[in-house]
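So the structure is just underneath, and the comments pick up after that.
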Amino acid sequence: MKSNLPALIHLLLALFAAPLLPGIINRTKAFMAGRNGQSFFQTYFDIFKLLQKGAVYSRTTSWIFRSGPIVNLAVIITGLMVVPFAASPALMVFDGDLIFFAAALGLARFFMVLASLDTGSSFEGMGASREITYALLVEPALLVGLLALSRVSHSFSLSGILYTSGVIGWSVGAPALVGGALFVLFLAENSRIPIDDPNTHLELTMIHEVMVLDHCGPDFAFIQYAGALKLWLFGALFIGVVSPNLTDSGIWIREGFAIGGMILLSVAVGIVESSMARLRLLKVPQLLVGAGALSMLAAILVLG
Amino acid sequence: METVLIAVAVILLSGIMSLIFNKIPTISTVFGVLGIVFGCIVGLLPVTAILTEGGVDAIAWPWSVPGGSFSAAIDPLSAVFLAIIFVISIPVAIYGASYLWHYRTEHNLGVVWFFTAVLIASMTMVVVARNAVLFLVAWEVMSVSSFFLVAFENRKRSVRRASLLYLIATHIGAAFLLAFFLLMGRDSGSLDFNDFTPPVGMAGLVFILALIGFGSKAGFIPLHVWLPEAHPAAPSHISALLSGVMLKMGIYGLFRTLTFFYQPEYWWGIVLIAVGLSSGILGVLLALVQTNMKRLLAYSSVENMGIIAIGMGMGVLGWTTNSPVLMIFGFGGALMHCVNHAMFKSALFLAAGSVLQRCGTLNLNQLGGLIKGMPRTSLAALIASISIAGLPIGNGFVGEFFLYLGALSGVSSARTDIAGASIAIAIGLALIAGLAAVCFAKFFGIGFIGAPRSERAAHAVESNWLMTVPMTLLAGLCLIIGLSSYAIPQILGPVVAAITRTSSQPFGGTWSGAGTLLGTLTLATVVVVILIVVLSVFRYLIIRNRVVRSSITWDCGYAAPSAKMQYRGYSFVQIVTGLFAGLLSIRKRTVLPAGLFPRSSLLMVKAPDAFLSNFFEPLFRSVGWTLGHLRRLQHGNLQLYILYILITLLALMFWKLQ
């Protein structure tokens, strides 16, 4: 493990700029719908407002309920330390960090699910059941995709894999397939349409939102902030996989490409959300298995 | 070596003393607990010496039994399993003192302590035995003593059925082992392990015999059917001992079998991986449909034995294809998972026992909210659940990380078959880990938090310290291993060398690399912990002076919510079971509400084990039917029996005369 300055700057960039991404998505959706839309900085305002509030806790809940948002945010910040950005290595690089990354996200999810079950509400139980089931399909798809890239790049760490996948470009096809899979996983992990609808108004159709119905005040601020960081996290992963060869380019081009990619990705999410409806819950597993199939195809391609 | 035998003697002697004083529960409990605790501490001394310094500590005494010799030894492989036995037995015995006290009026505690002591002593002998006769004797004593422990509550019909099933299964396994050892000794003319030479041309058969014999003890699918019946039937601390420790004897046997060969064959690895993947995936699927806590834990043991088999298979694959990295991470991960599973599974069974005594039920659908009344039991259960689900911070992740690393290196292999197998392993492990997370989110989320679903759960109070301290200790060990994984390669290096009969030197580079790697992994895990602490402090500071109110859970404006409306054992996993419906046989009985003023409705869900009801029961019925014809030979007529003897003697004579 080497500590390096660019990685530290990238981490700080993520921590400060991530809440812009939901703003961009919402602005895109507003534009598509012909509205003016909220400020780009709305998520910052929300988080600050929530941080200044008190809290109301259900008498049914215990310390598990309060620990959920904390563990979730802690894990996602750690995730930002292992996922590289702009074709330069992350803060922590080690063989198998992709496995740590996937497992740590599992820990965050485990605590969020427990926190929602702790309320004793059947709504939140419903969300918990859905969330953990879909995660079950996300994890193998993510892992196999990264393994396929690992074989191409002969590297066992996320930084190495993403760096090389830029170098070899789409010539072997695997990064393209994995990129496709990762886009679906990006939408799934961040509870976006077509897997989940962050703006839905009915608890019965929610996944992520229904799990956090009872969280308020600073706890909810943590959840909102973690949500924004997670967009950044999976965005960086996706852009790392599909980015072209930038090794010989200057630092500004690399940074510009990565940041521009993040903005474009947010716009793309906004367009997806404006142009299609959420899938029926029973269809969601099919989409996720489809993403897994893309990853598997990539793996078969690189094996041959 | 003698120290371990002294430990065995101490444990056995205290067991006998408990039996002698069985009329007075206090004395027999004191003898039972103190003997086991003291014996285990004595036994740990040579074990730690071998684990830290390496080497082999052997003795061989002559023994008048035909083919037998009292040869015993501790090598690093034995030491790992001895460490499991001794470390787990101590908290289990302390816990048992309080747990069994509850039963002192109806049951004879002296007998239980005697068989517990015999079980621990015999498992120790299994691991140190270096002669087939000694091994089989110890194996048989282990099986029989555990049978008596399973049959503890023998007034219940279900317990009698479970213990009988266990007795049959364990002896079928033992029959395969008998054949296995006879074949191994055939060419060498000796039943000492050191003299074993694999029979020429029959190595494959020998391996299959060992896989069935030891696999039935470890509970590989489809030989697992006795396990989910027997383990929940035993008293909880005995369940912890059976699941946490005794299953590992099957794994130890397989590892020991590998040492008998200069090199195993390639296809053994494939077979082990296939067995492991099917046990892992089916085991966890069967676990997550259970609503009885202990049955759920028992099925989850099947899953974990599957993970261990995957690791062994990966190791064999690496061994036979000269890829040391695969071999090291495969065997290392399997051994690591043995140790880890012993800790978290024992902790979970002890927690389940505490719940059983305080709430009178193990049915998840009647529990909930225990974290309020039983905070220490709940905390231990939470830590163990995190560990068993393979999530970072817990120790389960460390073992699985080994296996993933092996798969990761295998994916880059030039051999397509290795790369393909590695991808299959990675998918399988990810699926198993995901399903285990669902399973234990259910175990903890339905059982320990939320609103209580019954009166007794609502008013449950914490068990006494004799029960909470042992499980907290085991849960603490899970965290310690989870956060100090960097030290593991040093300890496991000589063990893998002992299995493959190579010097540990060739792995030097890989091992130190693995040590550094796990150091970084530890660092990353510690970063998570530090961030959790920092964020907790931050949250505490900002909320300290704010208004914090208590209220009810948001209920969508519904006026009379009931705890029964919560998600429960089946509803929580309904989507998952739907996805894997083809692999499970779920039977539902539904009575829908009908009419304008419906009076009642009903949903009953059962998930019977298809292997037992669709495979073994018909098989044994047909075997019984076929062999039933032989009864005609046996109708109690003495003259006829004498005729049989005469015919046999004549036949033998003619055969000899030829």
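Keep in mind it's a predicted model, so treat the numbers as computed, not measured. Lettering follows sequence order; numbering is per chain, from 1.
In this structure, chain A has heavy atoms under 4.5 Å from both the backbone and the side chain of B:Val548. For B:Ile532, the parts sitting under 4.5 Å from any heavy atom of chain A are the backbone and the side chain alike. For chain B, the nearby parts of A:Phe156 are the backbone and the side chain; heavy atoms of each come within less than 4.5 Å. For B:Phe538, the part sitting under 4.5 Å from any heavy atom of chain A is the side chain, from C-beta outward, and nothing else. Of the two parts of A:Ile64, only the side chain, counted from C-beta on, holds a non-hydrogen atom closer than 4.5 Å to a non-hydrogen atom of chain B. Of the two parts of B:Tyr404, the backbone and the side chain both hold a non-hydrogen atom closer than 4.5 Å to a non-hydrogen atom of chain A. For A:Ala221, no part sits under 4.5 Å from any heavy atom of chain B, backbone or side chain. With a threshold of 4.5 angstrom between heavy atoms, A:Arg109 does not approach chain B through any atom at all. For B:Ile393, the part lying near chain A is the side chain, with the backbone staying farther off; criterion is any non-hydrogen pair under 4.5 Å. Only the backbone of A:Thr61 comes within contact range of chain B, judged by heavy atoms closer than 4.5 Å. Heavy-atom distances place the side chain of A:Asp214, and not its backbone, under 4.5 Å from chain B. Of the atoms belonging to B:Leu379, it is side-chain heavy atoms, and not backbone ones, that fall under 4.5 Å from chain A. Looking at B:Leu382, the atoms closer than 4.5 Å to chain A (heavy atoms on both sides) all sit in the side chain, from C-beta outward. In this structure, no portion of A:Leu146 lies under 4.5 Å from any heavy atom of chain B. A:Val144 touches chain B through its side chain: at least one heavy atom from C-beta onward sits under 4.5 Å away, while N, CA, C and O do not. Only the side chain of A:Leu143 has a heavy atom closer than 4.5 Å to any heavy atom of chain B. Interface remark: A:Phe65 contributes no atoms to any contact with chain B (heavy atom separation under 4.5 Å). With a threshold of 4.5 angstrom between heavy atoms, A:Ala135 does not approach chain B through any atom at all. Heavy atoms closer than 4.5 Å to chain B are found in the side chain of A:Leu213, but not in its backbone. Using a 4.5 Å cut-off between heavy atoms, A:Met126 contacts chain B through both its backbone and its side chain.
To the nearest 0.5 angstrom, A:Ser122 atom OG is 4.5 Å from B:Met565 atom CE. Between the CE atom of A:Met92 and the CG atom of B:Leu521 there is a distance of 9.5 Å, given to the nearest 0.5 Å. With values rounded to the nearest 0.5 angstrom, B:Leu429 atom CG is found 10.5 Å from A:Glu139 atom CD. If you take CZ on A:Phe111 and CD1 on B:Ile386, they are separated by 4.0 Å, rounding to the nearest 0.5 Å. For the atom pair OG (A:Ser62) and CG (B:Leu370), the distance works out to 11.0 Å, reported to the nearest 0.5 Å. B:Leu391 contributes atom CG, which lies 5.5 Å from atom CG of A:Leu107 (distance to the nearest 0.5 angstrom).
In terms of non-hydrogen atom pairs under 4.5 Å with chain B, the most contact-rich of A:Val113, A:Leu142, A:Ile132 is A:Ile132. Interface check for chain B: of the options A:Asp118, A:Val56, A:Ile70, the most heavy-atom pairs under 4.5 Å are formed by A:Asp118. The most heavy-atom pairs under 4.5 Å with chain A, out of B:Gly434, B:Gly445, B:Pro392, come from B:Pro392. When each of B:Ala407, B:Ala441, B:Ala419 is scored by its heavy-atom pairs under 4.5 Å with chain A, the top score falls to B:Ala441. Of the listed residues (A:Asp219, A:Val138, A:Val75, A:Leu98), the greatest number of heavy-atom pairs within a distance under 4.5 Å of chain B belongs to A:Asp219. Chosen from B:Ser409, B:Gly369, B:Gly368, B:Ser571, the residue pairing most often with chain A at heavy-atom distances under 4.5 Å is B:Ser409. For the set A:Gly54, A:Ala299, A:Ser58, the entry with the most heavy-atom pairs within less than 4.5 Å of chain B is A:Ser58.
For the residue pair A:Ser150 and B:Leu408, the shortest heavy atom distance occurs at OG-CD1, 4.0 Å. Taking every heavy atom of both residues into account, B:Gly450 and A:Thr60 meet most closely at C-CG2, 3.6 Å. A pairwise comparison of heavy atoms in A:Leu303 and B:Gly420 identifies CD1-CA, 4.0 Å as the closest pair. The shortest heavy-atom contact between B:Phe401 and A:Asp95 is CZ-O, 3.8 Å. The nearest pair of heavy atoms linking B:Leu435 to A:Leu136 is N-CD1, 3.1 Å. The shortest non-hydrogen separation linking A:Pro285 to B:Leu579 is CB-CD2, 3.7 Å.
Close approach to chain A, defined as a heavy atom under 4.5 Å from one of its heavy atoms, is seen in B:Ile371, B:Lys372 of residues 371-378 of chain B, taken by number.
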| request: With side-chain contact (heavy atoms from CB on, under 4.5 Å) as the test, would you mind laying out the steps for B:Val528 and A:Phe100 before giving the verdict? | output: CA-CA 11 Å; B:Val528 176; A:Phe100 172 76; 4.0 Å; yes

| message | Please determine whether side-chain contact (heavy atoms from CB on, under 4.5 Å) holds for the pair B:Val573 and A:Ser129, giving the CA-CA distance in whole Å, both sets of side-chain angles, and the decisive distance to 0.1 Å. | response | CA-CA 7 Å; B:Val573 296; A:Ser129 164; over 6 Å; no

| request: Decide yes or no on side-chain contact (heavy atoms from CB on, under 4.5 Å) for B:Ile423 and A:Met296, but give the supporting numbers first. | output: CA-CA 9 Å; B:Ile423 287 182; A:Met296 198 60 216; 4.0 Å; yes

| message | Checking B:Phe572 against A:Leu117 for the side-chain contact (heavy atoms from CB on, under 4.5 Å) test, could you report, in this order, the C-alpha distance in whole Å, the side-chain angles of both residues, the deciding distance, and whether it holds? | response | CA-CA 10 Å; B:Phe572 186 68; A:Leu117 285 173; 4.0 Å; yes

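Open room surrounds CZ on B:Arg549; 12 or fewer heavy atoms of other groups in view lie less than 6.0 Å from it.
Between the B:Thr553 side chain and the A:Thr119 main chain, a donor and an acceptor come within less than 3.5 Å of each other. The main-chain N or O of A:Phe222 is never found under 3.5 Å from a side-chain atom of B:Arg539 such that the two would form a donor-acceptor pair.
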